[in-house]
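One structure is given here, and the rest of the page talks about it.
We use all heavy atoms of the structure for the numbers below, so side chains are in, but hydrogens, waters and symmetry mates are not. Starting from 1, each residue takes its place in the sequence as its number.
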Amino acid sequence: MDYAVGMENPVDLLLPLSLGVGLAAAAGFRVFLPLLAMGLAVKAGYLPITESFNWIATPPALLMLAVAAVAEIIAYYIPVFDNLLDGLATPTAIGAGVAMTYAVMGDMPPMLKWTLAIIAGGGAAAATQSATTVLRGASTVTTAGLGNHAVATGEIFGAVIMSLLAIVFPYVALIAALVFIYIAWRIVMKLRRREMAGP
């Protein structure tokens, strides 16, 4: 699939931007799974990316990302540690979202690529990461952490599904990301209203 884009037709920006936002949103669920999926797609020759990011498809990088992805998955099933990880994961997820979006934006001026990557990619990653952090916090308070495993499992599925959608059906991934962000925002607002209302 060719995601290369030039400046001849601004509408052509939508495909790589959808791909980038989808992967960035997936990074908000789990940081390393989308990076691993991206690396595997590049390795298979399915996903062309900016040349400076070709390292992601090298065997050492894929091995490192696979180990990191497994470690991240396991860590989120450890009580208390999962909440601590959320604080560390937020800037990491945003960075991964920006980098992946930049990598797939094709042939365009670097200033435009970085601007779109920071705003769209960073924003999507921040939105999903913030939503899952709030949901885990609410689960910790209401279930004494017993429901956190369900949240962690949902995040894994979210990361895998969003990554695959982004690579195979970018437009669907963009719509799914926007829908999730909207629903998550509604849930967060509802939880905050309850907190303000008190017991």
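- A heavy-atom distance below 4.5 Å is found between the side chains of Tyr76 and Arg136.
- Counting only heavy atoms from C-beta outward, the side chains of Leu47 and Leu19 approach each other to under 4.5 Å.
- Listed for the Thr133 side chain is no donor-acceptor partner under 3.5 Å among the backbone atoms of Asp86.
- Closest approach of Met38 and Val104 over heavy atoms only: CE-CG1, 3.7 Å.
- Residue Tyr77 places its OH atom among more than 12 non-hydrogen atoms of other residues, nucleotides or ligands, all under 6.0 Å distant.
- Of all heavy-atom pairs spanning Met100 and Ala27, the tightest one is CE-CB, 3.8 Å.
- Using modelled atom types, one side-chain atom of Thr101 and one backbone atom of Gly20 make a donor-acceptor pair closer than 3.5 Å.
- Among pairs with a residue in residues 23-33, those fulfilling salt bridge (Lys or Arg N to Asp or Glu O under 4.0 Å) read Arg30-Glu155, at least two apart in sequence or across chains.
- No donor-acceptor distance shorter than 3.5 angstrom exists from the side chain of Thr58 to the backbone of Asn54, with no hydrogens or angles considered.
- The shortest non-hydrogen separation linking Ala57 to Val42 is CB-CG1, 3.6 Å.
- The closest donor-acceptor contact from the side chain of Thr132 to the backbone of Phe29 lies at 3.5 Å or more, if one exists at all.
- Classification of the Phe53-Tyr102 ring pair by plane angle, with boundaries at 30° and 60°, yields tilted.
- Atom CD1 of Ile49 sits about 14.0 Å away from atom CE of Met105, to the nearest 0.5 Å.
- In this structure, Tyr171 and Leu15 approach most closely via the heavy-atom pair OH-CB, 3.5 Å.
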